Amino acid sequence: MDASLDDLLAPLNEAQRQAVLHFEGPALVVAGAGSGKTRTVVHRVAYLLRHRGVYPTEVLAVTFTNKAANELKERLVHLVGPAAKEVWAATFHSAALRVLRAYGEHLGLRPGFVIFDEEDQETLLKEVLKEMGLEARPGPIKAFLDRAKNSGKPLEAFFQEAPEYVAGLPKERLRALLARYQEVLRAQGAVDFGDLLLLALELFERHPEVLKKVRQRARFIHVDEYQDTNPVQYRFIRLLADEKTPNLVAVGDPDQSIYGFRAADIRNILDFTRDFPGAKIYRLEENYRSTEAILRLANAIIAQNQARLEKTLRPLRKGGEPVRLFEATTAREEAQFVAQEVARLGPPYDRYAVLYRTNAQSRLLEEALRLSGIPAQVVGGVGFFERAEVKDLLAYARLAVNPLDALAFRRAVKTPPRGLGQTTLEMIQSMDLPPLEALRALPLKGGQARSKEAFLRLMEELSALVEGPAEAFFRHLLSATDYLAYLEGAYRDHLDRRENVEELLRAAKEAGSVQAFLDRVALTASADQEAASPAGEHRAASPAGEHREKAGLSGKVRLMTLHNAKGLEFPVVFLVGLEENLLPHRNSLARLEDLEEERRLFYVGVTRAKERLYLSYALEREVFGKREYTRMSRFLEEIPKGLYEAYDPRPASPGLPPPPSRREDPEGVFKGGERVYHPKFGPGRVVAARGEEVTVHFEGIGLKKLHLRFADLRPL
DNA sequence: CCTAGTAACATTTTT
DNA sequence: TGTTACTAGG
């Protein structure tokens, strides 16, 4: 661990070296896609620690995902040794949470406060709407609330600027509604996502002694993806960066700003030198990642944007495969094209990523890949922690940690069903007591009385376990509620759900305490999943890479939204759905700034590719089960011809035949041993067939009993 | 109280 | 199309 400075600088180019050697004062690193940003960041922190006498406990590195934070630490440990574990690497939200867990009582936050996820947030809004006798959709209200909280403006100021009607509610009603929402939220000992940063700011502003302490932990601040910071995050950093000598290094790329809907303000990065006078600027424009063909396309795309700083990525990898464009007749055909092309190029499959604008597009792609027997994994979408069975169990944990959590209480009481239902819950809600106390006070008879006692006893047992390891907590919960038996009775696919429960136990074991586990759950993003990791060489050698190997995730095609692809790279990228109304999305056509953000999204997608890039669109696509005719994206039209070529592999090797149609007369047509295909479970073999009931073995899934009347089972 | 069936709704992106 | 919200009947 005593290697010289030369070793640290050797793998870097001149611009990177300059940035790495930056010591005190503000600096902006404008790092184009694939310009070795992560390496520069890691080496710079290593430089501070190794050669500038900075203590690990003085460094705060804010990253975009928790996974990025962990990787940063791992690589630092690799460079400077285990002491680097003390570096504070976190997302804005987990950093804020940590501050609140440590000092939140100054604001009157209860120690066990929970974080409500989006679903909880909407549920609560629905309740408040009902309570106030208002008719409106919670979705748009939630969007308004989030924007308000992310804007960093006082709620009053935000209301001033808001239109007279939001989500069909007059402004004044909305104001009252949100005030009530906030009140109920706190009464339940909860905060929502947007609150995390706001509360941290409030803490800093009202308690200078706390700010002073946190500043000591953040004498050298590093912010990644700075182009995607919003005003609240900006203020958070502003407060932490000491005025006299703000040792702040911001890294980002204005061309990759894609979170406008989350109030990210691209001006934060554009105005950096004004905000932090004397800031040094370092530009990384040499691209190590992509071939020249890919980069020329990327440069042509982004050059169409008006609002940007001139910047051109210089390719280090000359030539390369041409970028190919495929026109499909239908979205299904587009998906089959992807599968066919992956099959043609062959394994290892983690070289491939399929990127799309909306989550809904994943379904066809997943199906097509499965039909071709290609292992694939959707990153994001319905996350692990959003599965019903996982949320059920988490409800108990939440309630044990925070008895005021009425939402968790309701979920816990209802599942598994235990003889306390709708009516009882409504009574409890009307009682204006913490839910458990209300239940205790409720006079019940017979079976219900027994159910009540049993539930209260269970919660007491769980409370006793709540300070211990999370794993023990959940194991007790599982046996006390006989939860697995409940799953078996309630769900056809209980085996899958059982596996999710086991996964939860593993995650709990890793997290330690119940509180830590819940926090981690709340702040784990889809991009934090193991499966999100790219197949880059340097990472494949890391410990995380080995772990993936064992988990069997290394050999899978990754499917994800363009947003989730940020920061990743793949040898082969398919960018699908390049259609008007999809990319650019129909909701982003009205305003130029939105349109330009869509273009940046396209740019981000293109720059993920290292060797090969496929673009595609379909002339026909189903939306809500209704057929829609589409048109090629304007982003493709505006690219000079010659930067990509039309491609159609079909004449040479005929595409997969359309899926066989369902049999007309279901009864008795499947025979034992027959190969069949199920849209959800994929290919399988019939084990037994009795009338309408067929037992099928699916690869990697196991036995499933299916009713032909319902299951869309097709012969293969 | 619970379940199964039907009606209504939803998709832009996410820490 | 897939999921959730609501209702009637057991």
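Residue numbers start from 1 in every chain, and the chains themselves are labelled A, B, ... in the order their sequence lines are given, proteins ahead of strands. Every value quoted in this text rests on a predicted model; they were computed, and no experiment measured them.
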Q: Can A/His585 be called stacked on B/dT12 when the rule is centres closer than 5.5 Å and an angle between planes below 30°?
A: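 Stack criterion met.
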Q: Would you say A/Asn359 reaches B/dT13's phosphate, i.e. side-chain N/O to OP1/OP2 under 4.0 Å?
A: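 Checking A/Asn359 against B/dT13: at least one side-chain N or O falls below 4.0 Å of OP1 or OP2.
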Q: B/dT14 C1' sits how many Å from A/Tyr356 OH, rounded?
A: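 That distance rounds to 14 Å.
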Q: Which residues satisfy the salt bridge (Lys or Arg N to Asp or Glu O under 4.0 Å) test with A/Arg101, sequence neighbours excluded?
A: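 Expected list: A/Asp519.
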Q: Using only side-chain N and O atoms of A/Arg363, determine if any of them is under 4.0 Å from OP1 or OP2 of C/dG2.
A: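 So the side chain of A/Arg363 is within the cut-off, an N or O lying under 4.0 Å from OP1 or OP2 of C/dG2.
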Q: Would you tabulate the nitrogen or oxygen pairs shorter than 3.5 Å linking the protein to nucleotides 6-10 of chain B?
A:
unit_1	atom_1	unit_2	atom_2	d
B/dA10	OP1	A/Arg137	NE	2.5
B/dA10	OP1	A/Arg137	NH1	3.3
B/dA10	OP1	A/Arg137	NH2	3.2

Q: Donor-acceptor pair, A/Gln121 side chain versus A/Phe116 backbone, under 3.5 Å?
A: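 Checking the backbone N and O of A/Phe116 against the side chain of A/Gln121, no donor-acceptor pair under 3.5 Å is found.
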Q: Would you say a side-chain N or O of A/Asn564 is under 4.0 Å from OP1 or OP2 of B/dT14?
A: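 A/Asn564 to B/dT14 OP1/OP2: side-chain N or O found under 4.0 Å.
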Q: Partners of A/Arg450 by side chain to side chain donor-acceptor pair (under 3.5 Å), sequence neighbours excluded?
A: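 Partners of A/Arg450 by the side chain to side chain donor-acceptor pair (under 3.5 Å) criterion come out as none, since no residue qualifies.
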Q: Any donor and acceptor pair, going by atom type alone, linking the side chain of A/Lys452 with main-chain N or O of A/Leu442 inside 3.5 Å?
A: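 Judged by distance alone, yes, a pair lies under 3.5 Å.
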Q: Once you round it to whole Å, what is the distance between P of B/dT13 and CG of A/Asn150?
A: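 Going from CG in A/Asn150 over to P in B/dT13 covers 17 Å.
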Q: Just by modelled atom types, is the A/Glu334 backbone N or O under 3.5 Å from a matching donor or acceptor in the A/Ser616 side chain?
A: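 Judged by distance alone, no pair lies under 3.5 Å.
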Q: For A/Gly421 and for A/Thr561, locate the closest nucleotide of DNA chain B by heavy-atom distance; then report the residue assigned to the nucleotide nearer the 5' terminus.
A: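 With A/Gly421 and A/Thr561 compared, the 5'-side residue is A/Gly421.
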Q: Would you please say whether a donor-acceptor pair under 3.5 Å links the side chains of A/Asp228 and A/Gln233?
A: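 Side-chain D/A pair, A/Asp228 to A/Gln233: absent.
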Q: Between P on B/dT14 and CZ on A/Phe116, what's the gap in Å once rounded to a whole number?
A: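 Answer to the nearest Å: 23 Å.
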Q: So which one's nearest nucleotide on DNA chain B is more toward 5', A/Thr91 or A/Gly419?
A: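 Taking each residue's closest nucleotide, the earlier one in sequence belongs to A/Gly419.
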Q: Among B/dT14, B/dT12, B/dT3, which nucleotide has an atom closest to any side-chain atom of A/Glu118?
A: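 Selected nucleotide (nearest to the side chain): B/dT14.
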Q: Under the ring pair (Phe, Tyr, Trp, His ring centres under 6.0 Å) test against A/Phe64, which residue among A/Tyr226, A/Tyr259, A/Phe92 passes?
A: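 Of the listed residues A/Tyr226, A/Tyr259, A/Phe92, the ring pair (Phe, Tyr, Trp, His ring centres under 6.0 Å) partner of A/Phe64 is A/Tyr259.
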Q: Output the rounded distance in Å from OH (A/Tyr491) to P (C/dT3).
A: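 After rounding, the reported distance stands at 12 Å.
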Q: Mind calculating the distance between CZ (A/Arg262) and C1' (B/dT15) to the nearest angstrom?
A: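 Computing the A/Arg262:CZ to B/dT15:C1' distance gives 4 Å.
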Q: Partners of A/Leu198 by side chain to side chain contact (heavy atoms under 4.5 Å, CB included), sequence neighbours excluded?
A: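 Listed in chain order: A/Lys149, A/Val232.
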Q: What are the atom names and distances for every N/O pair under 3.5 Å that joins the protein to nucleotides 6-10 of chain C?
A:
none

Q: C1' atom, B/dT11 versus C/dC6: distance in rounded Å?
A: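 Their C1' atoms lie roughly 23 Å apart.
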Q: At 4.0 Å (heavy atoms only), tell me whether A/Leu562 reaches a base, stays on the sugar-phosphate, or touches nothing.
A: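 No contact.
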Q: Tell me the interatomic distance from A/Tyr226, atom OH, to B/dT15, atom P, rounded to whole angstroms.
A: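 In whole Å, B/dT15 P lies 21 Å from A/Tyr226 OH.
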Q: Do the side-chain N and O atoms of A/Gln361 and A/Thr358 include a donor-acceptor pair separated by under 3.5 angstrom?
A: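 A/Thr358 and A/Gln361 do have a side-chain donor-acceptor pair below 3.5 Å.
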Q: Looking at every strand, decide which applies to A/Arg418 at a 4.0 Å heavy-atom threshold: base, sugar-phosphate, or nothing.
A: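 Here A/Arg418 touches the backbone only, sparing every base.
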Q: Who are the side chain to side chain donor-acceptor pair (under 3.5 Å) partners of A/Lys142, not counting sequence neighbours?
A: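 Checked A/Lys142 against side chain to side chain donor-acceptor pair (under 3.5 Å); matches are A/Glu118, A/Asp146.
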Q: Stacking check: are the rings of A/Tyr259 and B/dT15 less than 5.5 Å apart at their centres and under 30 degrees in tilt?
A: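 No; by the centre-distance and plane-angle rule, A/Tyr259 does not count as stacking on B/dT15.
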Q: Heavy atoms under 4.0 Å, any strand shown: does A/Arg586 hit a base, just sugar-phosphate, or nothing?
A: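 No contact at all - A/Arg586 keeps every heavy atom at 4.0 Å or more from the nucleic acid.
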Q: Once you apply a heavy-atom cut-off of 4.0 Å, does A/Phe64 come out as touching a base, just sugar-phosphate, or nothing?
A: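 Touches sugar-phosphate only.
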Q: Could you tell me whether the phosphate oxygens of C/dA5, OP1 or OP2, come under 4.0 Å of any side-chain nitrogen or oxygen in A/Lys126?
A: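 Yes.
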Q: Within the pair A/Thr424 and B/dC1, is there a side-chain N or O less than 4.0 Å away from OP1 or OP2?
A: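 Answer yes for this pair, as a side-chain N or O of A/Thr424 is under 4.0 Å from OP1 or OP2.
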Q: Could you tell me how far apart A/Gln233 (CD) and B/dT14 (P) are, to the nearest whole angstrom?
A: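 For the pair A/Gln233 CD and B/dT14 P, the rounded distance is 16 Å.
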Q: Hey, is the main chain of A/Ile302 close enough, under 3.5 Å, to the side chain of A/Arg599 for a donor-acceptor pair?
A: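 Side chain of A/Arg599 to backbone of A/Ile302: no pair is present.
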Q: Let me know the distance between CZ of A/Arg600 and C1' of B/dT13, rounded to the nearest Å.
A: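 Whole-Å distance recorded here is 13 Å.
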Q: Look at all strands and tell whether A/Gln448 reaches a base, only sugar-phosphate, or nothing, counting heavy atoms closer than 4.0 Å.
A: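 Answer is sugar-phosphate: A/Gln448 comes under 4.0 Å of backbone atoms only.
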Q: If you only use heavy atoms from C-beta on, which nucleotide in B/dT15, C/dT1, B/dT12 is closest to the side chain of A/Ser588?
A: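 For the A/Ser588 side chain, the nearest candidate turns out to be B/dT12.
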